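Taking it in order: structure first as structure tokens, then the write-up.
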Amino acid sequence: MDFSFSEEQSMLKDSVTRFVQDNYDFESRRTLAASDAGFSTEHWQTFAELGWLSIPFSEGFGGFGGGVVDSMVVMEELGKGLVLEPYLATVLLFGGLLQKSGNQVVQDAYIGSIIEGSLQGAFAFVERDSRFVLNAVRTRAEKSDGSYWINGEKTVVINGASADKIVVSARTSGNTHDEGGISLFVIDSKEAGVKISSYRMMDGQVVANISLDQVSVSTDHMLGEEGEALEVMQEVINDAMIAVSAEALGAMEKALQITVDYTKIREQFGVAIGSFQVLQHRMVDMFTAVQETRSLLYRAACSLEAGSDEAIKDLYALKVKVGRAGKLVGEEAMQLHGGMGMTDELDVGHYAKRLRMINTLFGDADFCQQRFAQLSYR
Amino acid sequence: MDTTFTPEERVFRDEVRTWIKRYWTEELANRIADKSTFKEAQTELQKLLNDQGWMAPGWPEEYGGTGWSVTRRYIYNTEMARAGVLGPADPMVFGVSMVGPVIYTYGNEEQKKRFLPKILTSDEWWCQGYSEPGSGSDLASLKTKAELEGDHYVVNGAKIWTTYAHYADWIFCLVRTDSSGRKQEGISFLLIDMKTPGIKVNPIIGIDGRHTLNETEFNNVRVPKENLIGEQDKGWTYAKSLLTHERLYVANVSQSKRSLAELKKLAEREWAGGQPLAADPYFQQRISDIEIDLMALEFTELRVLSAAAAGKEPGAESSVLKLRGSEIAKALQDIKMDVAGYYAGIDDADNNANHSFANKTRIDFMYGRASSVYGGTNEIQKNIIAKAVLGF
Ligand SMILES: Cc1cc2nc3c(=O)[nH]c(=O)nc-3n(C[C@H](O)[C@H](O)[C@H](O)COP(=O)(O)OP(=O)(O)OC[C@H]3O[C@@H](n4cnc5c(N)ncnc54)[C@H](O)[C@@H]3O)c2cc1C
């Protein structure tokens, strides 16, 4: 067993830490979050220059050939700064699907541009009633005249407003909940019949509902085999679960740190409130939750990278812990700040919001616990 | 012992329901929910309540109260909350539940005549000026100063977290009139007209994205000395007795019952894995955990209120009401967020997301985090219980 990072990973971690320290003080983040796009294209170029956008892509495409541990390293540091740039959506979800799809045409067409920082992507996998079930797909794709024609609606698409290209899951056969019959298509956001209505989430992200009305896609823009997409979708989401868990870990660590610092300087009854043991114990509980999260994160990342039989179970255990620990740490951080924690102008509540959003992303703690139990007691 | 309603009480319940049906229209509710028409519409509702004699059910009859039994008040609160007429963050509380009782208990005849009727008619809205940037949990350390100069107190300092100060006509303040002795001594209870020169209200945006909070600054604000309640330097005693009174009605049981009913409805609409979430046994278990806690709270409250009605001092049990009330309300909001799933994070006033309940769920949840902070934090409530009840 070895829980340490490689030299390369340590360097990567340092460079992300430095970026966050230099660019993501809370005021700068607020300004960015309030902008139309909700993130900075300048920062995105920096990501490209520093090579972060190339991490999950294989060397043949000019990538770094990294694995989930590498993106985990990046995401934890981004989580500390509540970084808004769409690394998850463009690089890990959209990029991950291209990388795993085996479709040379789209790989050649888009991976280079992702790495350069000139292309934004998204993965549209949620529908109005799908909740956390990836195979609950109503959107349909029909083949005629040498193209696919897509009709349906996708909701809360992360980075949906800025994405140039969007991977859409659609049903080429079968019924709404069937596991087979789902296919993936790369569409252009400006294609006729694509309607994007964007809105904000409480963590500052700009997302979109995307309606698809007779949208045509050429057959070479289908990823993988027709009707066989669920497995690839699940693989990419699994990697992404590690990534957002790492982000949550970073956010929790920072929220704890802010809280410890605050309770050391805020005085009531003539003493620092941090001198009250009841508050110290609460912060120890937060600390413990952070430690447990880190342990399950490392375990799940390693199992997944090694393709272990336990990988999926480990992953669900992690996501349950992330959800519950995130709620605890976020809300305790607010509570220990008293009235200050309930304001928009202080950072601490924003950590709680992001942690809350990560709980939901790809399946909340309740959902993942059920999946975990199914694997444990089958 | 009997925990059911009498036939007369059931008739009373129907009377309340009839009133609600008649006056609590969707149109009025929408105007109250819209911030551009909030104050005007909320005042309209309060005037309707007052016309019925229901504005301040808990006040003594001679000042405009109802003289209802504990059970009737319970029925009234339950019905009003169930319909959504009375919410937990009602602007009415500052006048009706907070300053009103102080005025009729400790104020002089002139003050009663001057202030109580306008609370009932809602022609004057109130806000509470207790907390300061440096004095929250340790409220008695407050520093906003009032110095008597001739017929006026001259007030200097700052209050913070003053909910609805931007709507209020008057503010009731705790101010320091003497700093020589113990910090609890030397505090006075002062009523201040918000239009007095030298008052500045600075908005604070909450983590729910709304503006309900403020910082209220006082710069040489001249307050006629007739606006002092009771004796100078005795304000802490008045404020504390109000707190004891207040703690009886802070469990928000009726609001939480409404919240639970809403939650169940949402869980029927939200589908997961081919069935409504409400049909999932695991989810049923999670909701019933809170439902049982809420039942326990409900009957604790009734037990406390009955004892109070029989003339007994609020006992040990009353102190748990605020504590559990906020924990239960928060737990319900938490589950509601989980039910809303991906849509729970929507911050979308224009409804581009085309989702009916998500935005409200988020606001209730985020604002709701504060219920364990305002009115004295839950940590402070526990300190009080440990000291006053368990004798530490
Ligand atoms: C939404 C909202 C509305 C409000 N409305 C009003 C209003 O209208 N008028 C008004 O006057 N005030 C209002 N308040 C203020 C509220 O009463 C205070 O925020 C509260 O009393 C806590 O004070 P504080 O914010 O200074 O926190 P602090 O006192 O600084 O507390 C910070 C943390 O330390 C803990 N702590 C402090 N002392 C102890 C101790 N001895 N033992 C253990 N833990 C301790 C607290 O529990 C808290 O977790 C409002 C607050 C909020 C959030």
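Proteins get letters first, then strands, A, B, ... in listed order; numbering begins at 1 in each. Quick caveat, the model's predicted, so the values are computed rather than measured.
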When you measure from the side chain of [X] to the backbone of [Y], do you find a donor-acceptor pair of N or O atoms at a distance under 3.5 Å?
X      : Y      : value
B:Y342 : A:F362 : yes
A:Q335 : B:S372 : yes
A:Q268 : B:G136 : yes
B:D347 : A:M202 : no

Side chain, backbone, both or neither: which part of [X] has an atom under 4.5 Å from a heavy atom of chain A?
X      : result
B:I380 : side chain
B:R286 : side chain
B:S131 : neither
B:R369 : both
B:L277 : side chain
B:S141 : neither
B:N359 : neither
B:K382 : neither

Ionic contact status for A:K327 with B:D338, cut-off 4.0 Å: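 Yes, this pair counts.
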Salt bridge flag under 4.0 Å for residues B:R269 and A:D129: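 Looking at B:R269 and A:D129, the cut-off is not met.
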Test side-chain contact (heavy atoms from CB on, under 4.5 Å) applied to A:V126 and B:Y343, step by step: CA-CA 11 Å; A:V126 178; B:Y343 306 101; 4.2 Å; yes
Contact class of A:R128 relative to chain B, heavy atoms under 4.5 angstrom: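 For A:R128, backbone and side chain are both near chain B.
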Heavy-atom proximity to chain B below 4.5 Å, by part of A:N359: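 The side chain, not the backbone.
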Minimum heavy-atom distance [X]-[Y], with the two atoms named:
X      : Y      : result
A:Y199 : B:I346 : CE1-CG1, 3.9 Å
B:D280 : A:Q370 : OD2-NE2, 3.0 Å
B:K183 : A:F269 : NZ-CD2, 4.1 Å

Which of A:H350, A:Q369, A:R266 touches chain B most, by non-hydrogen pairs under 4.5 Å: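 Max contact count across the listed options: A:R266.
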Top contributor to chain B interface from A:G341, A:S130, A:G338, A:G323 [non-hydrogen pairs under 4.5 Å]: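 Max contact count across the listed options: A:G338.
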Among B:I205, B:I204, B:I207, side-chain contact (heavy atoms from CB on, under 4.5 Å) partner for A:E345: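 Running side-chain contact (heavy atoms from CB on, under 4.5 Å) over B:I205, B:I204, B:I207 with A:E345 returns exactly one hit, B:I204.
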